[in-house]
Amino acid sequence: MEQARAEAVIEAILFAMGESVEISKLAEIIEEDVRTTKKILASMEERYNQEDRGIALTRFDNAVQLCTKAEMYEYLIKIAKSPRKMTLTDTVIETLSIIAYKQPVTRMEIEKVRGVNCDHAINKLLEYDLIKELGRLDAPGRPLLFGTTEQFLRCFGVKSLEELPEINTVQLEEFKQQAEEEIQLKLNL
């Protein structure tokens with residue numbers, strides 16, 4: 001494999017892995033011997049150090065890792081300190097409400113209440129750390145159980161689930177009606 005291509009492959013692997021990778025494994029992947037692979041890595045390391053780049057190649061005993069240069073940490077801190085913006089659609093909020101009030105709850109139970117598939121909403125809630133997997137139900141198929149997190153409590157300004165407002169039966173009926181309307185819209189498409 002030509003050197004430019006080998007460097008691109010190594011860079012892609014190290015970026016995607018996000019942790020150290022053994023040099024012997026990299027050599028195997030680029031179909032070169034370890035000695036040649038070490039030369040390629042040295043070339044990459046030199047270029048990263050010479051150019052004004054935000055990344056560097058870090059060597060360990062028999063492994064390497066793609067890392068952020070130390071002089072870039074002040075910029076990383078700025079982004080890490082800025083709050084991640086959450087966008088909660090009505091569907092996501094409804095799904096979160098069901099989980100908050102019925103936890104621990106399975107995906108199927110959530111979908112039974114909503115009447116529609118809620119994979120996207122659950123994935124968003126997991127991504128925002130508002131819900132977490134609590135284990136598996138002791139039933140056929142061993143479905144995952146979901147519940148809320150401490151982050152959920154912080155975001156909604158409550159110290160415990162007992163502080164959540166009582167369920168309004170009128171609002172519950174409205175949720176059911178909205179879910180039925182969503183089903184009809186999807187069926188008519």
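Since the model is a prediction, treat every value here as computed from it, not as a measurement. Start at 1 with the first residue, then count along the sequence.
In this structure, M72 and Y75 have side chains that are in contact, with non-hydrogen atoms separated by less than 4.5 Å. Residues Q65 and L14 are not in side-chain contact: their nearest non-hydrogen atoms beyond the backbone lie 4.5 Å or more apart. Counting heavy atoms from C-beta on, the side chains of Q151 and C155 come closer than 4.5 Å. Between Q3 and S43 there is a side-chain heavy-atom pair separated by less than 4.5 Å. Using a 4.5 Å heavy-atom threshold, the side chains of M108 and K112 count as separate. Under the 4.5 Å side-chain criterion, counting only non-hydrogen atoms from C-beta, F152 is not in contact with I131. Within the 4.5 Å cutoff, no side-chain heavy atoms of F146 are placed close to those of L134. Contact of the R142 side chain with the L137 side chain is not registered, since no non-hydrogen atoms from C-beta on lie closer than 4.5 Å.
Rounded to the nearest 0.5 Å, atoms CG (L66) and CZ (F15) are 8.0 Å apart. Distance check, rounded to the nearest 0.5 Å: CD1 of I99 to SG of C118 gives 7.0 Å. Taking NZ of K124 as the reference point, atom OG1 of T89 lies at 9.0 Å (rounded to 0.5 Å). To the nearest 0.5 angstrom, D33 atom CG is 8.5 Å from K39 atom NZ. Summarising the geometry, atom NZ belonging to K25 is positioned 15.0 Å from atom CG belonging to N62; distances are rounded to the nearest 0.5 Å. Atoms CG and CD, from N49 and E51 in turn, are 10.0 Å apart once rounded to the nearest 0.5 Å.
In this structure, D61 places its CG atom where only 12 or fewer heavy-atom neighbours from other residues, nucleotides or ligands lie under 6.0 Å away. For E71, the CD atom sits in a packed shell: over 12 heavy atoms of surrounding residues, nucleotides or ligands are nearer than 6.0 Å. Annotation: D90, atom CG; neighbour count of heavy atoms from other residues, nucleotides and ligands within 6.0 Å does not exceed 12.
Closest of all the heavy-atom pairs between I40 and E7 is CG2-CG, 3.5 Å. Between Q103 and G147 the shortest heavy-atom distance is OE1-CA, 3.1 Å. In plain terms, the two heavy atoms of L153 and K159 that are nearest each other are CD1-O, 3.7 Å.
Checked against R107 for a side chain to side chain donor-acceptor pair (under 3.5 Å), the options N117, T95, D119 give a single hit: D119.
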> Between L26 and V64, is a side chain to side chain contact (heavy atoms under 4.5 Å, CB included) present by the stated rule, with each step listed?
Replying inline: CA-CA 9 Å; L26 292 171; V64 291; 3.6 Å; yes
>> For L88 and L130: C-alpha separation, side-chain torsions, deciding distance, then whether side chain to side chain contact (heavy atoms under 4.5 Å, CB included) applies.
In response: CA-CA 11 Å; L88 299 177; L130 294 173; 4.2 Å; yes
> So L161 and Y101, side chain to side chain contact (heavy atoms under 4.5 Å, CB included) or not? Walk me through it.
Replying inline: CA-CA 8 Å; L161 296 174; Y101 284 99; over 6 Å; no
>> Run V92 and Y128 through side chain to side chain contact (heavy atoms under 4.5 Å, CB included) and show every step you take.
In response: CA-CA 11 Å; V92 173; Y128 291 148; 5.6 Å; no
>> Run the salt bridge (charged side-chain N to carboxylate O under 4.0 Å, His left out) test on R114 and E111 for me, step by step, so that the C-alpha distance in whole Å, both residues' side-chain angles and the decisive distance to 0.1 Å come before the verdict.
In response: CA-CA 5 Å; R114 288 213 62 243; E111 290 175 354; over 6 Å; no
>> If you apply the rule salt bridge (charged side-chain N to carboxylate O under 4.0 Å, His left out), what do you find for R53 with E11, and how did you get there?
In response: CA-CA 14 Å; R53 306 278 298 267; E11 188 175 59; 3.7 Å; yes
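T36 places no side-chain N or O within donor-acceptor distance of the main-chain N or O of E32, the cut-off being under 3.5 Å. With hydrogens and angles ignored, the 3.5 Å screen pairs no side-chain donor or acceptor of T37 with any backbone N or O of I23.
A salt bridge does not link R5 with E2: every distance from a Lys NZ or Arg NE/NH1/NH2 to an Asp or Glu carboxylate oxygen is 4.0 Å or more.
By the rule that hydrophobic residues join a cluster once side-chain heavy atoms approach within less than 4.5 Å of another member, F60 and V34 end up as members of separate clusters. Placement of L145 and I98 in two distinct hydrophobic clusters is found when ILVMFWY residues are connected by side-chain heavy-atom separations under 4.5 Å, directly or transitively. There is no path of hydrophobic side-chain contacts, each under 4.5 Å, that joins Y48 to Y73.
Residues R47 and Q50 have side chains that never bring a donor and an acceptor to within less than 3.5 angstrom of each other. With hydrogens and angles left out, the side-chain atoms of E162 and S160 include a donor and acceptor closer than 3.5 Å. There is a side-chain donor-acceptor pair under 3.5 Å between T106 and E109.
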